[in-house]
**Student:** 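Take this structure, written in structure tokens, and hold onto it; I'll ask about it next.
Numbers here are sequence positions counted from 1.
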Amino acid sequence: MTEADLIIIGNGMACQRLLAELVQQPNRPTKIVVFGAEAKPAYNRVLLSGLLSNELPDSAAELASPAWYAKHNIELICDDAVMLIDRERRLVVSRHGRYRRYQQLVLACGALPLTPGYAEDDSKHLLPGICHFRNWQDLATLRLAGQQLQHAVVVGGGFLGLEAAEGLRKLGMQVNLLQRSTYLLNRQLDATAAGLLQQQLSVRGLSIFTNSEIDSLSYKRGQLQAVRLHSGQQLKADIVVLALGITPNISLAQQAGLTVNRGIVVNANLQSSDSAIYALGECIELNGETFGLIAPVNAQAKQLAQTLCGEDTAYCSENTATQLKISGIALSSCGDIATLCANTSADSFDGSTEYLDAERFEYRRLWWRGPYLAGAVLYGDTRLSQRLNQLINQRQPYYGCRSSLLLGLIDNAEKLTAVSQPQQQDAA
């Protein structure tokens, strides 16, 4: 039985970013072992939609070659998920019977896709004709569907659902997209921006149903034929793609007796309830917060690499601007947009500034709480995203012309903050 200085469970994007940070550290662990459940080494999941629509070659998603792992003395074990963590003996056991001891262990288990009850059998297996859009196997399934099938229903109006729908449409399928909320990307956009997005996607040929959910599935001789909505409407469906969000993968940590809640509970050092075990990425929970975006996970990887090499560092969560591009349409948002749009609390915001050019499909909206920027949505032209994100995260009061800020007419960075007495603001 071999012993490693460091074992990482999970070979996804979080793991690969951690490895990239570790190999730059002078005091890095000498012997590193990585276990991955997938047969393929780490790849960029963000690019799956581009691969599905054949806009990118498969090689574009590769994050590191096998030679890279060998060069840095990293043992990569693919297609062999860890099934057991023995904390007392500091030992992990894999599905195929590999045993490895560790000095330090990192859980980068990622997240699992959400599955509604109508889509699975009593054994929690997906029914025929149902798939997720989360990994390389899902990509292969959808590629085959694009070649052989005609009608697709995509469930979920978030980023992943929209990308899956657009990818299948580009493969020639007739695609209906279902969003249970009143508009698309309801966590990132307001109703106006979402309306522009729906208009552009509909013109391209995507059929979008908001306030819609599947009630039941219709099969004939074991083959999926259609879906029935709660409204009673029936839609043809040779395949249903689920993109309803994710939940942290905590099963292994829970089995090992680590403290878990929604995610694996960690402190600011990304350390679990066991001092020898750390975690990062989509599987963790820090101060009640979970993480699903690339930017915070990359920041966690950088901090954790330093911690594993003996430095005393801590991760501090920030609001991160969500910058997306859906089939060539640029979007950006920062702040708790869903709460700002709901405006359920008295102090949610006290004003907003908007700009709309419907002909050019450009839209911007800024939410204000006193002199502080509370949130921002940009559609079509997202060049102001970084500037607005900085203003929100650094909690800098802004007393200048809000319309000028909205239109990007303030060039000097020092004008974003006010060091003098407040001046008259424009009407929000």
Side-chain angles (χ1 to χ4, degrees), residues 4 6-18 33-38 42 45 80-95 98-117 120 123-125 132 134-135 158 160 187 242 244-305 307-308 313-318 320:
L6 172 66
I7 291 179
I8 304 175
I9 299 176
N11 183 220
M13 294 174 68
C15 165
Q16 187 55 42
R17 186 55 180 255
L18 176 60
V33 177
V34 176
F35 282 90
E38 291 192 62
R45 294 182 190 275
D80 196 10
V82 169
M83 305 302 291
L84 174 68
I85 300 173
D86 185 334
R87 291 167 52 199
E88 185 175 344
R89 293 191 291 169
R90 294 195 176 185
L91 171 74
V92 302
V93 183
S94 75
R95 177 185 288 115
R98 290 185 172 92
Y99 291 74
R100 295 288 191 277
R101 292 190 183 275
Y102 63 87
Q103 294 182 16
Q104 293 177 308
L105 178 67
V106 171
L107 301 178
C109 306
L112 301 173
L114 295 174
T115 305
E120 54 189 10
S123 301
K124 301 299 182 181
H125 296 133
H132 294 286
R134 175 75 181 164
N135 57 35
L160 202 58
R187 304 299 302 178
L242 303 175
L244 288 168
I246 57 175
T247 184
N249 185 1
I250 62 172
S251 58
L252 189 60
Q254 194 169 30
Q255 184 186 66
L258 298 176
T259 301
V260 299
N261 191 22
R262 286 189 300 157
I264 303 168
V265 177
V266 297
N267 60 22
N269 300 115
L270 302 181
Q271 188 177 50
S272 75
S273 53
D274 184 322
S275 61
I277 302 178
Y278 298 81
L280 82 162
E282 294 173 331
C283 64
I284 73 168
E285 179 179 335
L286 174 61
N287 297 326
E289 182 181 6
T290 57
F291 305 88
L293 299 176
I294 294 175
V297 175
N298 286 347
Q300 291 167 18
K302 183 174 183 178
Q303 176 269 311
L304 184 54
T307 298
L308 294 172
T313 59
Y315 171 72
C316 181
S317 176
E318 287 187 342
T320 305

**Student:** With rounding to the nearest 0.5 angstrom, report the CG to CD1 distance, Leu105 to Ile277.
**Tutor:**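 Rounded to the nearest 0.5 Å, the CG-CD1 separation comes out at 5.0 Å.
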**Student:** Just so I know, are the side chains of Arg101 and Leu91 near enough to count as touching, which here means a heavy-atom distance under 4.5 Å?
**Tutor:**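 A side-chain contact exists here, since the closest heavy-atom pair is under 4.5 Å.
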**Student:** Side-chain donor-acceptor pair under 3.5 Å between Thr115 and Glu120, yes or no?
**Tutor:** no
**Student:** Closest approach of Pro116 and Leu242, non-hydrogen atoms and distance?
**Tutor:** CD-CD1, 3.8 Å
**Student:** What closest approach, in Å, do Asp80 and Phe35 show between heavy atoms, and which atom pair accounts for it?
**Tutor:** O-CD2, 3.5 Å
**Student:** Within the 4.5 Å heavy-atom criterion, are Asn287 and Ser317 side-chain neighbours or not?
**Tutor:** no
**Student:** Just wondering, are more than 12 heavy atoms of other shown residues or ligands nearer than 6.0 Å to CZ in Arg87?
**Tutor:**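 Atom CZ in Arg87 is packed in, count exceeds 12.
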**Student:** What is the distance from atom CG of Asn267 to atom CG of Asn269, rounded to the nearest 0.5 Å?
**Tutor:** 5.0 Å
**Student:** Show the atom names and distances, to 0.1 Å, of all donor-acceptor pairs under 3.5 Å that link a side chain in residues 255-264 to residues at least two apart or in another chain.
**Tutor:**
from   : atom 1 : to     : atom 2 : distance (Å)
Thr259 : OG1    : Ser273 : OG     : 3.4
Asn261 : ND2    : Glu285 : OE2    : 3.0
Arg262 : NH2    : Gly288 : O      : 2.6

**Student:** Enter the distance from Leu112:CG to Ser251:OG here, rounded to the nearest 0.5 Å.
**Tutor:** 6.5 Å
**Student:** List in chain and number order the residues that pass side chain to side chain contact (heavy atoms under 4.5 Å, CB included) with Ala268, two or more places apart in sequence or in another chain; answer none if no residue qualifies.
**Tutor:**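 Side chain to side chain contact (heavy atoms under 4.5 Å, CB included) check on Ala268 returns Ala314.
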**Student:** Does the side chain of Leu6 reach to within under 4.5 Å of the side chain of Gln104, using non-hydrogen atoms?
**Tutor:** yes
**Student:** I want to check something: taking the side chain as every heavy atom from C-beta on, are Asp86 and Val93 in contact at a cut-off of under 4.5 Å?
**Tutor:** no
**Student:** Do Asn135 and Arg45 come within less than 4.5 Å of each other through their side chains, counting heavy atoms only?
**Tutor:** yes
**Student:** Do the non-hydrogen side-chain atoms of Val92 and Val33 ever get within less than 4.5 Å of each other?
**Tutor:** no
**Student:** Where is the tightest heavy-atom contact between Ala301 and Ala14, given as atom of each residue plus distance?
**Tutor:** CB-O, 4.4 Å
**Student:** Measuring from atom CD1 of Ile9 to atom CZ of Arg100, what distance do you get when rounded to the nearest 0.5 angstrom?
**Tutor:**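 So the gap between those two atoms works out to 12.5 Å.
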**Student:** Can you name the residues that form a side-chain hydrogen bond (donor to acceptor under 3.5 Å, both in side chains) with Thr313, not counting sequence neighbours?
**Tutor:** Gln303, Thr307
**Student:** Could you tell me whether the side chain of Ser272 and the main chain of Asp274 form a donor-acceptor pair under 3.5 Å?
**Tutor:**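 Such a contact is found between Ser272 side chain and Asp274 backbone.
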**Student:** If I compare all heavy atoms of Cys15 with all of Asn11, which pair ends up nearest, and what's the gap?
**Tutor:** SG-ND2, 3.7 Å
**Student:** After noting the C-alpha distance and the side-chain angles of Arg17 and Val297, does the key distance pass the side-chain contact (heavy atoms from CB on, under 4.5 Å) rule?
**Tutor:** CA-CA 9 Å; Arg17 186 55 180 255; Val297 175; 6.0 Å; no
**Student:** Quick one: SG on Cys109 to CD1 on Ile250, what's the gap to the nearest 0.5 Å?
**Tutor:** 10.5 Å
**Student:** When rounded to the nearest 0.5 angstrom, what distance separates CD1 in Ile246 from CG in Leu244?
**Tutor:**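 It is 12.0 Å, given to the nearest 0.5 Å.
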**Student:** Looking only at non-hydrogen atoms, find the nearest pair between Cys283 and Leu107 and report the distance.
**Tutor:**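 Minimum heavy-atom contact is SG-O, 3.6 Å.
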